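Dropping a structure here in structure tokens format, bear with me for questions.
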Amino acid sequence: MLDLKFVRENIEEVKENIKNRFMNVDVDLVLSLYEKKNELLQEVEAIRKQRNENAAKMKSKLTNEERQALIEEGKGLKDTIAEKEATLNEVSQKLDDEASRIPNMAHPDAPVGKEDKDNLQISQWGEVPKFNFKPKDHVQLGQDLDIIDFDTATKVTGPKFYYLKNQAVFLELALIRYTMDKLQAKGFTPVITPDLAKEEILQGIGFNPRGAESNIYTVEDTGMCLVGTAEITLGGYLSKTMVDANDLPIKFAGLSHCFRKEAGAAGQYSKGLYRVHQFTKVEMFVFCRPEESDAMHEKLREIEEEIFQGLEIPYRVVDTCTGDLGAPAYRKYDLEAWMPGRGESGDWGEVTSTSNCTDYQSRRLGIKYKDKETKEFLHMLNGTAVATSRAIIAVMENFQQEDGSILIPKQLQPYTGFDRIAKK
RNA sequence: GGAGAGAUGUCCGAGUGGUCGAAGGAGGCGGUCUUGAAAACCGUUGUGUCGAGAGGCACCAAGGGUUCGAAUCCCUUUCUCUCCGCCA
């Protein structure tokens, strides 16, 4: 969440930012609650002071009457404090609810716009493949080669689940290992994270675990949720800690499953593996000094590009518009890979996304860094290294051959142990 | 899962319900001494929050409770250690 002092001093900028993001938050309500909370806080503290003074008086020798009088007075103070505190808690809770709905400020260069068509393409890499046959989509390929089974998953679990079989298993494992090796070489600490996390961590990261619009599965009676991304467990890793500035930047490469409800999402553009309830992802996560975060964000984007270049998959990079930024993001880049089976005759489909969330998450999670002069909230960034489901789509569809087989990108072959997936 | 012990500041470690934001030591920082260093000595050394400021309030694993008053008493939870059981 934003610093409320900042909100108080930059009311118009905050409102403008909310408008640019096409969100609806009542900033004036937040400010009036903030003011009210501070008033109540001061009242409560003034009475607590009286209580402390009253208690201090009783340290000295007193007559019974004097003592009794003080005790009576103390009892009265105690009741008053209890009442005031109850109101204070109520107001604080309301304030917290409202304030956490205010999104992060956006980078001044982030394009202003409402939806994905307003995103700004900033580069493109690779050649869109031209087939001298009609390319299949990955659903067809997966079925023909017996490597992905949606129908059985629907029977056993439900729609938007899948079994990977045969070589697809090794393709997924290869993508993970290929990515982990690259990231480890770049100084990221490899991590396999839990797939569940507490609600408070979700909220700190900026996810809303509750409500109809939530994309998150909650596990009944446990206070936990299935994570939608390792961003949650990696960001939560340092919650409530003070980091030594010399240890920054801290870089994690986290492998986890990702679970998303994806309610209502269906249709041609989300078919097959594209939008599923469970997938596997290697996520990059960085904690750094505020002054480093812009450069670090560019670095994460470059790493994502390097990974897809290594896979020889054509992609373009877009600078996400304000309306399409998640609430915690200050700026976001997406890589969209070419997917020959998408839409009528192929289309770009998002495969990675990297966000600089500045101190929006660290403030809520309580993650600071310290050096000689400073103790401040640090900046947190995340980026997809590889979401295996979508990477598998890109590999299958781009590398398909006329005979229905699929070639494996060169850099992946040492990890798969085979260079082609063909019909048995 | 069962039985027991414990959790205090950067670390070690004391703490009878009121004089405890917390003894003492170590470490850090500043200084005296020294050609320099060590030793010795002196001083200083938590965080958060509200407030323009003065200053206040909160925090002794976390959350509740008892009390005029809780680091100290009671309950719950978490974690650590020892022993037993179970287990991939």
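Throughout, a chain's letter reflects where its sequence line sits, starting with A, and its residues are numbered from 1. What you see below is based on every heavy atom in this structure, not just the backbone, and it leaves out hydrogens, waters and symmetry mates. This is a predicted model, so every value here is computed, not measured.
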Whole-Å distance between B:A70 C1' and A:R48 CZ?
-> 15 Å

Inter-nucleotide C1' distance (B:C59, B:G63), Å rounded | 14 Å

Starting at atom CD1 of A:I71, determine the distance to atom C1' of B:U66, rounded to an integer number of angstrom.
-> 15 Å

Considering Watson-Crick and G-U wobble pairs with both distances under 3.5 Å, what does B:C87 pair with?
-> none

A:K78 NZ to B:U67 P: how many Å, rounded?
-> 5 Å

Which nucleotide sits closest to the side chain of A:E45: B:U47, B:G56, B:G51?
-> B:G56

For atom P, what is the distance between B:C74 and B:U16, given to the nearest Å?
-> 14 Å

Which value, in whole Å, describes the distance between the P atoms of nucleotides B:G85 and B:C75?
-> 29 Å

Pick base, sugar-phosphate or nothing for A:K368, based on heavy-atom distances below 4.0 Å to the nucleic acid.
-> sugar-phosphate

Look at the rings of A:F150 and A:H138 and say which category their plane angle falls in: under 30° parallel, 30 to 60° tilted, over 60° perpendicular.
-> perpendicular

Assign each of A:A55 and A:K49 to its nearest nucleotide of RNA chain B by heavy atoms, then name whichever residue's nucleotide is nearer the 5' end.
-> A:A55

Run the salt-bridge test on A:E292 and A:R289 with the 4.0 Å N-O cut-off and return the result as yes or no.
-> no

Phosphate-side-chain proximity, A:Y34 and B:C50, N/O vs OP1/OP2 below 4.0 Å = yes

Could you check if a side-chain atom of A:S405 sits within less than 4.5 angstrom of a side-chain atom of A:Q400, using non-hydrogen atoms only?
-> no

Is it the case that A:E13 and A:N17 place a side-chain donor and acceptor less than 3.5 Å from each other?
-> no

Report the nucleotide, chosen from B:C57, B:C50, B:C68, that has the shortest atom-to-atom distance to any side-chain atom of A:N54.
-> B:C68

Using a heavy-atom cut-off of under 4.0 Å over every strand shown, decide if A:R8 touches base, sugar-phosphate, or nothing.
-> sugar-phosphate

Under 4.0 Å between a Lys/Arg side-chain N and an Asp/Glu carboxylate O for A:K332 and A:D319?
-> no

For A:K5 and for A:K375, find the nucleotide of RNA chain B with the closest heavy atom, then tell me which residue's nucleotide is more 5'.
-> A:K375

P spacing across the pair B:U72 / B:G6, given as an integer number of angstrom = 15 Å

Check every atom of B:G51, B:C57, B:G18 against the side chain of A:Q42 and return the nucleotide holding the closest atom.
-> B:G51

Now, which nucleotide makes the Watson-Crick or G-U wobble pair with B:A70, with each of the two distances under 3.5 Å?
-> none

Selection from B:A58, B:G51, B:G69 that lies nearest to any side-chain heavy atom of A:R51 = B:A58

B:A26 to B:U34 separation - P atoms, rounded to the nearest Å = 24 Å

Could you let me know what B:C41 is paired to, Watson-Crick or G-U wobble, both distances under 3.5 Å, or none if it's on its own?
-> B:G31

Whole-Å distance separating the CD atom of A:Q68 from the P atom of B:U67 = 14 Å

Specify the separation, in whole Å, of atom CG of A:D244 and atom P of B:C11.
-> 14 Å

When both distances are under 3.5 Å in a Watson-Crick or G-U wobble arrangement, the nucleotide paired with B:A3 is B:U82

Could you please name the partner base of B:G51, counting Watson-Crick and G-U wobble pairs only when both distances are under 3.5 Å?
-> none

Counting side-chain heavy atoms from C-beta on, which of B:C68, B:C50, B:A58 comes nearest to A:K75?
-> B:C68

Take atom CD of A:E85 and atom C1' of B:G64, then tell me their distance rounded to the nearest Å.
-> 13 Å

Check whether the side chains of A:Y330 and A:H297 place a donor and an acceptor atom closer than 3.5 Å, and report yes or no.
-> no

Taken to the nearest whole Å, CG/A:N52 to C1'/B:C59 is 13 Å

Pick base, sugar-phosphate or nothing for A:L70, based on heavy-atom distances below 4.0 Å to the nucleic acid.
-> nothing

Scan every strand shown for a Watson-Crick or G-U wobble partner of B:U76, both distances under 3.5 Å, and answer none if you come up empty.
-> B:A62

P-based separation of B:A38 from B:G30 [nearest Å] | 12 Å

For A:D79 and B:U66, give me the distance from atom CG to atom P, rounded to whole Å.
-> 11 Å

If you measure from the P atom in B:A62 to the same atom in B:U10, how many Å do you get, rounded?
-> 13 Å

Using atom C1' of each nucleotide, how far apart are B:A71 and B:A22 to the nearest Å?
-> 8 Å

Is the closest basic N to carboxylate O distance between A:D118 and A:K114 below 4.0 Å?
-> no

